[in-house]
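See structure below.
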Amino acid sequence: MQDWLQRLGIAEENPGVFDGDWGGSGALVESASPIDGSVIACVRQATAAECETAVGRAHEAFLKWRMVPAPARGETIRRLGNELRRVKPELARLVTLEIGKILAEAEGEVQEMIDICDYAVGLSRQFHGLTLPSERPHHRLMEQWHPLGVVGVITAFNFPVAVWSWNSTIAAVCGDSVVWKPSHQTPLCAIAVTRIAERVCRETGADPAIFTLLCGGAETAGERLATDPRVPLVSATGSCAMGRVVAQKVSARLGRTLLELGGNNAVIVTPSANLELAVRAIVFGAVGTAGQRCTSTRRVIVHESITAALKERLIAAFESVRIGDPLDGATLMGPLISREAVIAMQAAIERLQREGGRILCGGDGTAPEGTPEGGRYMKPCLAEVSGNLPVVLEETFAPLLYVMSYREFDEAIALHNGVPQGLSSGIFTNDFREAERFLGASGSDCGIANGNAGTSGAEIGGAFGGEKDTGGGRESGSDSWEHYMRRQTNTINYGDDLPLAQGIEFGD
Ligand code: NAD
């Protein structure tokens, strides 16, 4: 095992369960790098019984943690941020090795963890409630926020470390403990992060079981979190199909969910747009993380007067993208996560041609020249379609971008909103009326709507999430912390009488 992996606590065989102690006696699974298919290390998965025990340990940790003052909880997260700063190069390298995003993006992902730590530390002094005027004399009416309990965090492969931190650092300062079920494709990133969190907790005296980890399948670890009544909130990030199953299971026991599901993000380009800006944003949005971001740009809706000019620029940009080993600083696009992802991209390309779409570049199914043997590399594909064909309505999690033309602005908005998902969106225009309409009530129906900025690359300060099939959840900044707490309304009578609300007279 290489030195830098050892510094992250990764061995050839790793325990995949942490609940204050490391363990795991289920199946031994390999984590292979999409860069060249080589095995990085193995992980021992959680059994059903270990999941049961781990949730119990996380609950015990919660009972103690909720009594620690919030700013003192923030101190643990402040130190977590510092520790992440220290190991940023190694952790980013592991993200690249395990999922194949280029190093610059992996470093950005770890930076996002550091940023959210800083944000959570500030928040730990700001969980303010309201004091409201009471209608009764000598009464005080107020609201306060209390810790909620064990938060189940289910994460997708494509942000294997940041999504944990969006949830866990906020949940921790709110006084909750977290049980994390990472993607089966990224167990090593999860183990490395949990080892960092454990180290910090041991330094500050916090029970490390506030950051419990369950590496395991959807059926064992995932479904356990969805059905366990000791888990009042399940925050699940992944496909719409997963969200449907998890939401139904959690709501069957009247638990809460925070869902961050698939996107089908579009950019509208109007005649007054700065095409230079638009092209840069679209290419980063479509090709960044090999089209495997929830906010990846999947559709471009362009005015017919500039369609030809935009297509020409996009083809040139797509054809010049350097594809290859994501650890090489010159590479702009690494591999897809798996063989299944390559097959799914090819299937979508074949289907779009059957449905009448036309390939403009890429999409020939062969790995680009010079890419490492054994990897899952594809050229980015640009296709022209006439509106939202059936294949366009689905999220193909790959670098596949559809271009469609519009004539009237209303038509552009209708095309934009005419898909089941509603995560991120952007408009490129220098006409403020178009921009305002796009951001207005009858404009973009997404949780994120940008002006002269692309769909990808949100900042942590704003609430992150989307509407419709994207699930409606909000994570990260703004008031998203409220999801991780329980709200309590208090009425305090400091008089000698007992007046009832609404002036009700009851007996003497
Ligand atoms: P996925 O749905 O296959 O898996 C996501 C997670 O859910 C994994 O940990 C998986 O094991 C778990 N899971 C799957 N079925 C489950 C079940 N029945 N019960 C409990 N857990 C279950 O998604 P993926 O391929 O890892 O990630 C890609 C998807 O995630 C895309 O659709 C992408 O748009 C979405 N995503 C959304 C956001 C967002 O914030 N909206 C962020 C990242 C990724």
Side-chain angles (χ1 to χ4, degrees), residues 16 29 34 45-46 51 98-101 105 109 112 152-167 179-187 189-190 213-228 231 234-250 252 255 257-265 285 288-298 336-338 340-341 344-345 394-398 419-425 446-448 455-458 460 462-476 480:
V29 297
Q45 307 261 38
C51 294
E98 200 170 32
I99 79 139
K101 69 171 70 172
E105 289 186 85
E109 180 169 349
E112 200 167 309
V153 174
I154 297 173
T155 58
F157 79 84
N158 63 329
F159 278 90
V161 294
V163 173
W164 172 84
S165 66
W166 298 347
N167 285 282
V179 179
W180 182 14
K181 193 218 100 51
S183 162
H184 67 280
Q185 287 162 308
T186 59
C189 285
L213 172 69
L214 288 177
C215 292
E219 316 72 41
T220 41
E223 303 231 344
R224 151 70 53 202
L225 293 180
T227 52
D228 195 318
V231 183
V234 176
S235 172
T237 301
S239 57
C240 299
M242 176 279 289
R244 282 200 177 83
V245 175
V246 168
Q248 287 179 32
K249 293 212 149 102
V250 178
T257 50
L258 197 169
L259 299 175
E260 298 285 353
L261 310 176
N264 194 346
N265 317 296
T289 320
Q292 300 169 114
R293 284 183 176 218
C294 50
T295 52
S296 289
T297 309
R298 313 230 172 262
L336 296 189
I337 184 70
S338 61
E340 292 72 27
M345 180 173 175
E394 290 173 22
E395 179 196 44
T396 300
F397 214 54
V419 294
Q421 311 83 351
L423 180 53
S424 186
S425 60
C446 291
I448 298 167
T455 61
S456 201
I460 58 131
F464 180 91
E467 302 298 330
K468 304 195 290 185
D469 284 7
T470 302
R474 291 296 185 277
E475 275 173 359
S476 228
S480 306

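Order of appearance sets the numbers: ligands from 1, and atoms from 1 within every ligand.
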Worksheet item: By salt bridge (charged side-chain N to carboxylate O under 4.0 Å, His left out), which residues pair with Glu112, not counting sequence neighbours?
Response: none
Discussion item. For Glu395, give me all partners under salt bridge (charged side-chain N to carboxylate O under 4.0 Å, His left out), at least two apart in sequence or on another chain.
Written reply: none
Worksheet item: What residues sit with at least one heavy atom under 4.0 Å from ligand 1?
Response: Ile154, Thr155, Ala156, Phe157, Asn158, Lys181, Pro182, Ser183, Ala218, Gly222, Glu223, Thr237, Gly238, Ser239, Met242, Val245, Val246, Glu260, Leu261, Gly262, Gly263, Cys294, Glu395, Phe397, Leu423, Phe464
Worksheet item: Side-chain contact, heavy-atom cut-off 4.5 Å: Ile99 with Thr186?
Response: yes
Discussion item. For a 4.5 angstrom cut-off between non-hydrogen side-chain atoms, does Cys446 reach Glu467?
Written reply: no
Worksheet, complete the sentence: Thr470 meets the side chain to side chain contact (heavy atoms under 4.5 Å, CB included) criterion, sequence neighbours left out, with Gln421, Leu423
Worksheet item: Side chains of His184 and Phe157: does their closest heavy-atom pair fall under 4.5 Å?
Response: no
